[in-house]
Enquirer: 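Submitted below is the structure of interest, expressed as structure tokens.
For reference, positions follow the sequence shown, starting with 1. Any value given below was found using the heavy atoms of this structure, including those in side chains, with hydrogens, waters and symmetry copies removed.
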Amino acid sequence: MKTGAGGNPWLVLLAVSLGVIMVMLDGTVVGIANPSIQADLKASLSDLQWVTSGYLLALAVFLITAGKLGDLFGHKRVFLIGVGGFALSSVGIGFSAELADVIPGVTPVGALIGLRVLQGLFGALLQPAALALLRTAFPGEKLNQAMGAWGAIIGLSSAAGPIVGGVLVEQATWQTVFFINAPVGVVALIMGTLLIKDNRAQTLARIDWLGVLLLSGAMFSLVWTIIKAPEWGWGDSTTLTFVAVFAALIGAFIFWQSKARQPLVPLSLFRNASISIGTVLMMMVAFAMFGAMFFLGFFFQGVHGLSPLEAGLRMMPMSAGMIFASPLAGMALGRFGPRLTMAAGLLITAFSMFLMSRLSIDASFIESGIPFLLLAFGMSPVFVGATEIIVGNAPVELTGVAGGVQQSAMQVGGALGTAVLGAVMAAQISATLPGHLGPAAQAIPAAQLAGLEKAAAFGSAPPGLGQPIVDAVHNSFMDGMSVAFLVSTGIAVLTAALTLFVKAGRKAEGQPVHMG
């Protein structure tokens, strides 16, 4: 395999970052656009959940397979296909209503959800290929710096997303938040074509289709269970059935990978302890961060009553902090190594999560901004370090698969964190809401009380209620959010211990990989 992804590695970084910026912008603006989508397309809450879940499912199911396709057919080619497809599907989403008019039996919401699934598939092609291109463009001693710059660019796009999305939705239409991907995609395609040197395997191996089928089925069962378990119930027979299906399929996949001549994911990849631990680290950190952060949008908009743009500005210290924290994390990883740097980052993360658990119902910008800023400087060393450990320790022949593993761990961890911490929060709300209601709770019918508990999970209360009931709903939400952040605090502390067993990725280029 050719190991150079381009003449100037920093230009390669810029080219691939543009593609990922497109995905990051899309991920941060969809939540802001949802209310407008609901009003314009007459979408139900279930429809809006599928706008997010359909994308997440497609992304999580296809990431590792997409990484393998890059290893086989060339990461540049797969990256450009991902960029072009993502941009085109984004434009299609903006024309969902028009497409529904010309496609019999398809509703505007159905067209939007279908195109979101397509977006997820193309996003899966794009992201592992981007990481693999960075791995082959930068020499080992500069990979930390590259990952740090990569994190800064992601932080910048994350910070800009809510603000750009809020302005576009408020001043134009929700469709514009998807149309904006078109010019970004065109520039990414031009730069990628001109600046990235093609790198593909010298011998084109065949695709392990049985492995693809088994892994896709296992990932679908896992992510689908995570998404639906809060609705079904964690002990429900349907939930347990899907868990059993996942266990059977992942067991069959592992067995087949040990026997296949050209496996989708060579098991030897995980004999490297750093790759295995890095994958667990990525999953646990995503669990703690994305799971807990999910509730902050409801806190700012439901409890505080802020607009989407104002809520985005409240969270900006974290995203903006990553612009500075990620390059510093890259330098710290190069100087002090991953163990000390990542352990320190996780402890800072734990402290910031603890501060968030103490937020008051009327927290000021400063009170929420300080833990957000600390979180940026805590999470950046972990995300940059875990990515470098997974991709940097992988043989060059498997950088695409390693990138897919890294992205899959993040997606699964985030989805699991949202579901599990959501269940923890709901249980705490159910336990504390009657106490906040006081004697009035005795006069509220059970069905209405259950409705108040459900509303409290979103930080809001049904209209027309007295102020004491509204206060009780908000206070019970704060109790639930506090417990969720305390759980994340504990996970961050426990995860810090895992960093003692990792080492930096410095595998020599061209080192052979055993396929068994």
Side-chain angles (χ1 to χ4, degrees), residues 144 147-148 150-152 154-155 158 273-296 315 317-319 321-359 370-393 405-407 409-418 420-421 424 482-505:
N144 283 325
M147 292 300 175
W150 170 269
I154 289 177
S158 298
S274 292
I275 293 177
S276 297
I277 295 172
T279 302
V280 175
L281 276 171
M282 184 62 73
M283 186 178 298
M284 297 302 291
V285 169
F287 180 104
M289 178 179 178
F290 294 114
M293 299 297 289
F294 175 78
F295 308 109
L296 287 170
M315 298 174 71
M318 180 187 68
S319 298
M322 289 180 65
I323 299 172
F324 304 98
S326 294
L328 291 176
M331 290 188 286
L333 285 162
R335 180 167 183 177
F336 301 110
R339 295 176 183 175
L340 179 61
T341 305
M342 294 175 68
L346 281 162
L347 293 178
I348 294 172
T349 297
F351 181 59
S352 66
M353 292 284 187
F354 175 76
L355 290 179
M356 287 184 190
S357 75
R358 314 319 299 165
L359 287 176
I370 290 174
F372 279 149
L373 189 61
L374 283 173
L375 188 61
F377 281 86
M379 297 300 294
S380 292
V382 185
F383 278 120
V384 173
T387 301
E388 194 273 342
I389 285 168
I390 296 170
V391 179
N393 275 292
V405 168
Q406 183 266 356
Q407 291 289 320
M410 183 183 297
Q411 295 295 331
V412 171
L416 190 60
T418 301
V420 172
L421 293 181
V424 169
S482 176
V483 172
F485 276 119
L486 286 174
V487 172
S488 293
T489 300
I491 289 173
V493 172
L494 292 174
T495 305
L498 287 176
T499 63
L500 301 177
F501 302 97
V502 301
K503 63 180 180 180

Enquirer: Measuring from atom OG of Ser274 to atom CG of Leu281, what distance do you get when rounded to the nearest 0.5 angstrom?
Expert: 10.0 Å
Enquirer: So, taking the atom named CD1 in Ile491 and the one named CG in Leu486, what distance separates them when rounded to the nearest 0.5 Å?
Expert: 11.5 Å
Enquirer: To the nearest 0.5 Å, how far apart are CE in Met353 and CG in Leu346?
Expert: 10.0 Å
Enquirer: So, the side chain of Thr499 versus the backbone of Ala496: is there a donor-acceptor pair under 3.5 Å, distance only?
Expert: yes
Enquirer: Could you report the tightest heavy-atom contact between Ala492 and Thr349, atom names first, then the distance?
Expert: CB-CG2, 4.3 Å
Enquirer: When you measure from the side chain of Ser482 to the backbone N and O of Ser357, does any donor-acceptor pair fall under 3.5 Å?
Expert: yes
Enquirer: Can you find a pair of side-chain heavy atoms, one from Met342 and one from Leu333, that are under 4.5 Å apart?
Expert: yes
Enquirer: How close do Pro327 and Ile323 get, heavy atom to heavy atom, and via which atoms?
Expert: CD-O, 3.2 Å
Enquirer: Write down the atom of Met356, the atom of Leu375, and the distance for their closest heavy-atom approach.
Expert: CE-CD2, 3.9 Å
Enquirer: Which heavy atom of Val487 sits nearest a heavy atom of Val424, and at what distance?
Expert: CG2-CG1, 4.4 Å
Enquirer: What's the shortest heavy-atom distance between Ala386 and Gly278, and which atoms?
Expert: CB-O, 4.1 Å
Enquirer: Distance check, rounded to the nearest 0.5 Å: Leu374 atom CG versus Phe351 atom CZ?
Expert: 6.5 Å
Enquirer: So, for Pro317 and Ala376, which heavy atoms are closest and what is the spacing to 0.1 Å?
Expert: O-CB, 4.5 Å
Enquirer: Rounded to the nearest 0.5 Å, how far apart are CD1 of Ile370 and CG of Leu355?
Expert: 8.0 Å
Enquirer: Ignoring hydrogens and geometry, is there a side-chain-to-backbone donor-acceptor pair from Ser276 to Ala273 under 3.5 Å?
Expert: no
Enquirer: Output the distance between atom CZ (Phe354) and atom OG (Ser488), rounded to the nearest 0.5 Å.
Expert: 13.5 Å
